[in-house]
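Below, chain A is the first sequence line, B the second, and so on; all start at residue 1.
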Amino acid sequence: MTENTKNPEAFSEDASKTKTYSLVELVKAPTTMVDKGPDDTIFSFPVVAIMELLLTLVVTVLLLMMSLFVNAPLEEIANPNTTTDPAKAPWYFMGLQEMLEHGHPTLMAVAMPTIMVLFVIAIPYIDNSRLGSGVWFTSKRGKRITLYTAIYILVVMPLYIYIDTTFPLRELLRGQMPDFLLQSVIPALIMGVIVILPLLVLIRSKPTSREVVMTLFTVLFVSAVVFTLAGFLFRGPGFELYWPWDMPGNYSPWDNL
Amino acid sequence: MKRIIDFITNSRVWRSFFRHGWPDNPLDRSLVMTTNVFFHLHSVKVSRKSLSAKYSLGLGLISAIAFGVLSITGLLLMFYYAPTVERAYGYITILQTQVPFGQLLRNMHRWGAHLMVIAVVLHMARVFYTGAYKPPREFNWVVGVVLLILTLGASFTGYLLPWDQLAYWAITVGTSVAGYEPIMGSVIKSILLGGPEVGQEALTRFYALHVMLIPGAILLITSLHMWRVRKDGGLAAQDAAVHDAEELAEAVEEQSND
């Protein structure tokens with residue numbers, strides 16, 4: 001080889017004698033450049049640098065403005081002997097705390113969050129088609145599926161929270177049915193039906209795996225928002241449901257930020 | 001002007017700092033990106049599509065900016081703080097009433113933390129709805145989920161530090177949830193709190209987690225996250241062309257089947 005590179009003529013002569021061709025693979029696809037211009041790219045410098053600098057300035061200035069006008073809350077020094085009413089977790093865990101109101105802790109605070117996190121991690125492995133990568137909602141149909149699922153959850157979940165709180169069947173039937181059935185099985189079944197229902201509607205139109213995952217993620221995401229808002233804004237003293245603007249006493253849910 | 005720029009950019013001092021000339025030509029613009037530790041996160045050229053604000057909404061960058069603001073304000077807050085039950089609250093009141101811009105500093109840290117949680121969650125939703133988790137980006141999605149959990153952890157551990165009623169009872173409620181886990185629950189809870197209830201041990205641990213362990217992990221894993229974005233071919237926005245090609249291929253296949 002080293003000899004050949006030293007003497008290129010000998011190399012090419014040698015190659016022309018021995019070069020053979022073989023068919024490696026047949027690919028079913030349009031030729032790469034058909035109907036496509038060269039990739040639409042620009043130099044990162046300075047455009048990207050300027051865009052990032054601008055966004056940094058805007059975000060920082062907005063934070064600064066807010067910090068000038070709104071003070072971070074500070075209550076009295078911590079006192080383990082006096083419980084605050086209501087005692088709330090930080091706002092991003094209020095969805096979890098709200099869920100605790102609707103069933104057994106092991107179901108609501110352990111099983112369900114575990115399932116949710118595992119589902120979110122598994123998303124790219126459930127839907128591993130490359131179709132629609134980099135396109136919002138993949139298609140018009142995807143957009144419709146997301147919209148209808150979101151509306152459905154926005155109606156059903158607040159209703160569920162409201163009904164389960166004001167007509168606490170689980171409390172009324174306590175003692176008449178096994179606790180396990182009442183606090184774990186039935187709430188799990190109700191949640192299961194709420195999640196499965198849009199899938200049953202979808203399944204009739206032969207959805208792609210992307211559309212199934214999109215429905216499930218929308219159920220999860222919008223439910224998380226509903227439960228978080230319910231816990232954060234609509235729970236007052238005694239962890240009862242109130243309108244955020246109509247809280248008893250001088251409690252304001254915003255003080256918990 | 002040209003002569004001044006040339007004089008500066010050809011000087012030995014400039015050349016020792018930046019190994020390229022004034023970036024007004026393709027070569028030097030490439031060198032800016034490849035020879036600078038901060039810019040080399042980006043490729044030399046990017047597709048116009050991936051710069052579209054309508055596509056990415058800038059949420060990943062906003063999360064990173066929030067993290068930057070939190071690091072700076074957090075570092076400054078550490079100068080007026082001690083993680084002890086007796087002194088923590090006192091330091092916060094001193095910070096708010098006697099330290100110049102102390103209240104402002106604390107406000108920015110607080111609102112910045114909320115912004116980061118919101119931005120990270122929305123970033124996840126954006127990545128999901130644009131299908132940007134699809135192959136070859138599956139693993140980076142998982143890395144992103146880890147970063148989301150770390151972000152919540154960073155915010156949660158910081159919540160206790162002012163040691164007021166709000167902090168104390170929020171962490172009491174929050175950690176009691178961990179106790180519901182049947183097998184490891186009590187172990188996790190006692191590791192977190194260092195005792196049966198929120199006290200000095202919990203404050204010490206939350207402080208160490210909040211100022212060192214979790215931000216360190218976020219920094220490290222964010223580096224991995226961004227490196228993978230590059231290695232997986234940049235933002236998924238530029239995949240749209242591939243998407244069209246695949247759709248066409250499928251259509252052709254369906255027709256030939258019929």
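For A:Tyr148, the OH atom counts as loosely surrounded, since its 6.0 Å shell holds 12 or fewer non-hydrogen atoms of other residues, nucleotides or ligands. A:Met116 CE: more than 12 foreign heavy atoms inside a 6.0 Å radius. Counting heavy-atom neighbours within 6.0 Å of B:Arg87 CZ, excluding the residue itself, gives a total of 12 or less. For A:Trp136, the CH2 atom counts as densely surrounded, since its 6.0 Å shell holds more than 12 non-hydrogen atoms of other residues, nucleotides or ligands. For A:Glu76, the CD atom counts as loosely surrounded, since its 6.0 Å shell holds 12 or fewer non-hydrogen atoms of other residues, nucleotides or ligands.
Between chain B and the options A:Thr82, A:Val59, A:Leu96, heavy-atom pairs under 4.5 Å are most frequent for A:Thr82. Chain B forms more heavy-atom pairs under 4.5 Å with one residue of A:Phe217, A:Trp91, A:Phe221 than with any other, namely A:Phe217. Of the residues considered (A:Asp127, A:Val47, A:Leu68), A:Asp127 shows the highest number of contacts with chain B, using heavy-atom pairs under 4.5 Å. Of the listed residues (A:Val213, A:Thr83, A:Leu64, A:Val48), the one with the most heavy-atom contacts under 4.5 Å to chain B is A:Thr83. Top candidate by heavy-atom pairs under 4.5 Å with chain B, chosen from A:Leu55, A:Asn128, A:Leu100, A:Thr218, is A:Leu55. The candidate from B:Val173, B:Thr130, B:Thr93 with the greatest count of non-hydrogen atom pairs under 4.5 Å with chain A is B:Thr130. Of the listed residues (A:Thr56, A:Thr84, A:Asn71, A:Asn79), the greatest number of heavy-atom pairs within a distance under 4.5 Å of chain B belongs to A:Asn71. Looking only at heavy-atom pairs under 4.5 Å with chain A, the residue among B:Phe139, B:Tyr55, B:Phe39, B:Phe38 that has the most is B:Tyr55. If you tally non-hydrogen atom pairs under 4.5 Å between each of B:Phe156, B:Trp163, B:Phe128 and chain A, the highest count goes to B:Phe128.
In the model, B:Lys134 has a side-chain atom that pairs as donor or acceptor with a side-chain atom of A:Ser129 under 3.5 Å. B:Tyr129 and A:Thr146 share no side-chain donor-acceptor pair at under 3.5 Å.
Minimum heavy-atom separation, A:Met66 to B:Trp111: CE-CD2, 3.7 Å. Residues B:Leu152 and A:Tyr92 approach most closely at CD2-CD1, 3.7 Å, considering heavy atoms. Minimum heavy-atom separation, A:Leu257 to B:Tyr159: C-OH, 3.9 Å. Counting all heavy atoms, side chain and backbone alike, A:Val70 lies closest to B:Asn107 at O-ND2, 3.3 Å. When all heavy atoms are compared, the tightest approach of A:Pro73 to B:Arg106 is O-NH2, 2.9 Å. The shortest heavy-atom contact between B:Leu51 and A:Met51 is O-CE, 3.5 Å.
The OG atom of A:Ser44 lies 4.0 Å from the CE atom of B:Met33; values are rounded to the nearest 0.5 Å. Distance OG/B:Ser43 to CZ/A:Phe43: 11.0 Å, rounded to 0.5 Å. Atom CZ in B:Arg110 sits 8.5 Å away from atom CG in A:Leu74 (nearest 0.5 Å). Here B:Arg29 contributes atom CZ and A:Ile42 contributes atom CD1; the two are 10.0 Å apart, rounded to the nearest 0.5 Å.
For B:Val44, the parts lying near chain A are the backbone and the side chain together; criterion is any non-hydrogen pair under 4.5 Å. For B:Val46, the parts sitting under 4.5 Å from any heavy atom of chain A are the backbone and the side chain alike. For B:Leu115, the part sitting under 4.5 Å from any heavy atom of chain A is the side chain, from C-beta outward, and nothing else. Proximity to chain B involves both the backbone and the side chain of A:Phe137, based on heavy atoms less than 4.5 angstrom apart. Residue contact with chain A, scored on non-hydrogen atoms closer than 4.5 Å, involves the backbone and the side chain of B:Ser155 alike. Both the backbone and the side chain of B:Ala125 come within less than 4.5 Å of a heavy atom in chain A. Both the backbone and the side chain of B:Met108 have a heavy atom closer than 4.5 Å to some heavy atom of chain A.
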Next on the checklist: Would B:Asp164 and A:Ile77 count as a side-chain contact (heavy atoms from CB on, under 4.5 Å) here? Give the steps.
Outcome noted: CA-CA 4 Å; B:Asp164 61 342; A:Ile77 190 166; over 6 Å; no
Next on the checklist: Would A:Val120 and B:Trp141 count as a side-chain contact (heavy atoms from CB on, under 4.5 Å) here? Give the steps.
Outcome noted: CA-CA 9 Å; A:Val120 169; B:Trp141 168 266; 3.7 Å; yes
Item to check | Evaluation steps, side-chain contact (heavy atoms from CB on, under 4.5 Å), between B:Val142 and A:Tyr125 | outcome: CA-CA 10 Å; B:Val142 179; A:Tyr125 302 96; 3.9 Å; yes
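Taking the side chain as every heavy atom from C-beta outward, A:Arg130 and B:Pro136 approach each other to under 4.5 Å.
Judged by a 6.0 Å distance limit and a 45° cone about the ring axis, A:Arg210 is not positioned over the six-membered ring of B:Tyr133.
Using modelled atom types, no side-chain atom of B:Gln103 and backbone atom of A:Ser67 make a donor-acceptor pair closer than 3.5 Å.
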